[in-house]
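What follows is a set of notes on a single structure, which appears directly below.
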Amino acid sequence: GPLSERRLVDVRLGELPAWLATCNLSPQGLLGGVRKAWSSYYDKYINVKRGGPAGISMLLAGYCLLSYGWNYQHISKISFLVSV
Amino acid sequence: VLHTTRPLHTTQQCLAPLPPLPEKGGEVRYGLIPEEFFQFLYPKTGVTGPYMLGTGLLLYFLSKEIYVINHETVAAACILSVIIYGVKKFGSDVAAFADKLNEEKVARALSVKNEAIKDLEAAIEQEKKEQWRVEGRSYLFDAKRNNIAMLLETNYRERLLTVYNEVKKRLDYQVALQNLKRQKEQDHMIQWVEKNVVQSITPQQQKESIAKCILDLKALSKTAQAAV
């Protein structure tokens with residue numbers, strides 16, 4: 001279908017700048033995008049009749065990676081590595 | 001709070017009963033990587049592609065010290081092993097317990113719905129019975145009319161009997177009165193005749209009659225002795 005209505009996973013790599021141009025980058029737009037992403041993840045992995053550990057384990061793994069990325073500067077310092 | 005994020009009524013035509021929840025969530029391999037990633041890489045690299053990618057990335061991070069091995073690595077390894085052991089051992093029990101809770105909830109709601117349906121059906125049955133009863137109204141009124149007619153008839157006949165009895169009493173009284181009068185007159189006349197007759201018997205006649213009676217008796221006694 002038309003470019004503006006496709007989701008990010010359906011957009012090809014070459015069309016990425018064009019797609020970014022069409023999407024709504026205001027705070028409300030971004031917030032709406034975040035809400036849509038969370039609701040699609042929630043409906044797929046958590047809000048089911050018989051879910052498993054996959055729903056929250058992926059969230060925890062993402063949180064681990066994100067916090068590692070935020071603290072990389074501090075972790076990689078020699079003083080930190082020697083102290084513990 | 002989490003439930004409010006599900007978008008409802010986002011399109012013009014919203015189906016009134018919500019579609020049921022999906023049975024299983026999206027497929028995830030090793031609890032961390034969605035199946036879509038493996039399917040995405042399958043056409044180009046086959047089955048082992050993602051594993052090669054994962055191993056290569058891991059070695060690259062380790063060798064370039066992008067991932068630094070520190071005390072937290074050991075802690076993470078211990079925690080992960082405990083978590084995986086716990087999930088593998090108690091996962092099915094917890095899942096069965098949660099399923100039971102869900103089933104109880106659904107069963108309760110279903111029972112409420114069934115109760116409501118049963119009550120309404122019973123009400124419908126009652127209504128139909130009432131409608132059938134209405135048809136019998138004419139018979140009811142005929143019976144009532146017959147009752148009233150019988151009451152009137154009975155009352156009329158009772159009063160008729162009363163009238164008859166009263167009239168008979170009066171007539172009987174008159175008859176008794178006449179009889180009594182005649183009786184009294186007769187008695188009085190008999191008494192008067194007897195009194196006059198007794199008065200008219202003189203002493204002379206009395207003596208003659210007594211003598212005659214004694215003679216008769218003697219004659220009779222002679223004939224009777226002769227007979228014996």
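Note: hydrogens, waters and symmetry copies are ignored here, and every other heavy atom, side chains too, is used. Naming convention: chains lettered A, B, ... in sequence-line order (proteins, then strands); numbering from 1 in each chain.
The heavy-atom pair separating A/Asn47 from B/Leu21 by the smallest distance is O-CD2, 3.4 Å. Of all heavy-atom pairs spanning A/Tyr68 and B/Ile66, the tightest one is OH-O, 3.0 Å. Here the closest heavy-atom approach between residue B/Glu72 and residue A/Ile75 is recorded as OE1-CD1, 4.4 Å. Closest approach of A/Pro53 to B/Val87, counting heavy atoms only: CG-CG1, 4.3 Å. When all heavy atoms of B/Pro34 and A/Tyr45 are compared, the closest pair comes out as CB-OH, 3.4 Å.
Expressed to the nearest 0.5 Å, how far CD1 of B/Ile79 lies from SG of A/Cys64 amounts to 9.0 Å. For the atom pair B/Asp99 CG and A/Arg50 CZ, the distance stands at 4.5 Å (nearest 0.5 Å).
Within a 6.0 Å radius of OH in B/Tyr42, no more than 12 heavy atoms belonging to other residues, nucleotides or ligands are found. Around the CD atom of A/Gln73, the shell of radius 6.0 Å holds no more than 12 heavy atoms that belong to other residues, nucleotides or ligands. By the 6.0 Å contact criterion, CG on A/Leu59 is enclosed, its count of non-hydrogen atoms from other residues, nucleotides or ligands being greater than 12. Annotation: A/Tyr72, atom OH; neighbour count of heavy atoms from other residues, nucleotides and ligands within 6.0 Å is above 12. Residue-environment remark: CD (B/Glu35) exceeds the threshold of 12 foreign heavy atoms within 6.0 Å. Atom NZ of A/Lys36 has 12 or fewer neighbouring heavy atoms from other residues, nucleotides or ligands inside a 6.0 Å radius.
For B/Tyr30, no part lies near chain A; criterion is any non-hydrogen pair under 4.5 Å. Proximity to chain A involves both the backbone and the side chain of B/Val68, based on heavy atoms less than 4.5 angstrom apart.
Note on B/Lys24, B/Glu23, B/Glu65: by heavy-atom pairs under 4.5 Å with chain A, the leading option is B/Glu23. When the candidates B/Pro20, B/Pro22, B/Ala76, B/Ala98 are compared by the number of heavy-atom contacts under 4.5 Å with chain A, B/Pro22 comes out ahead.
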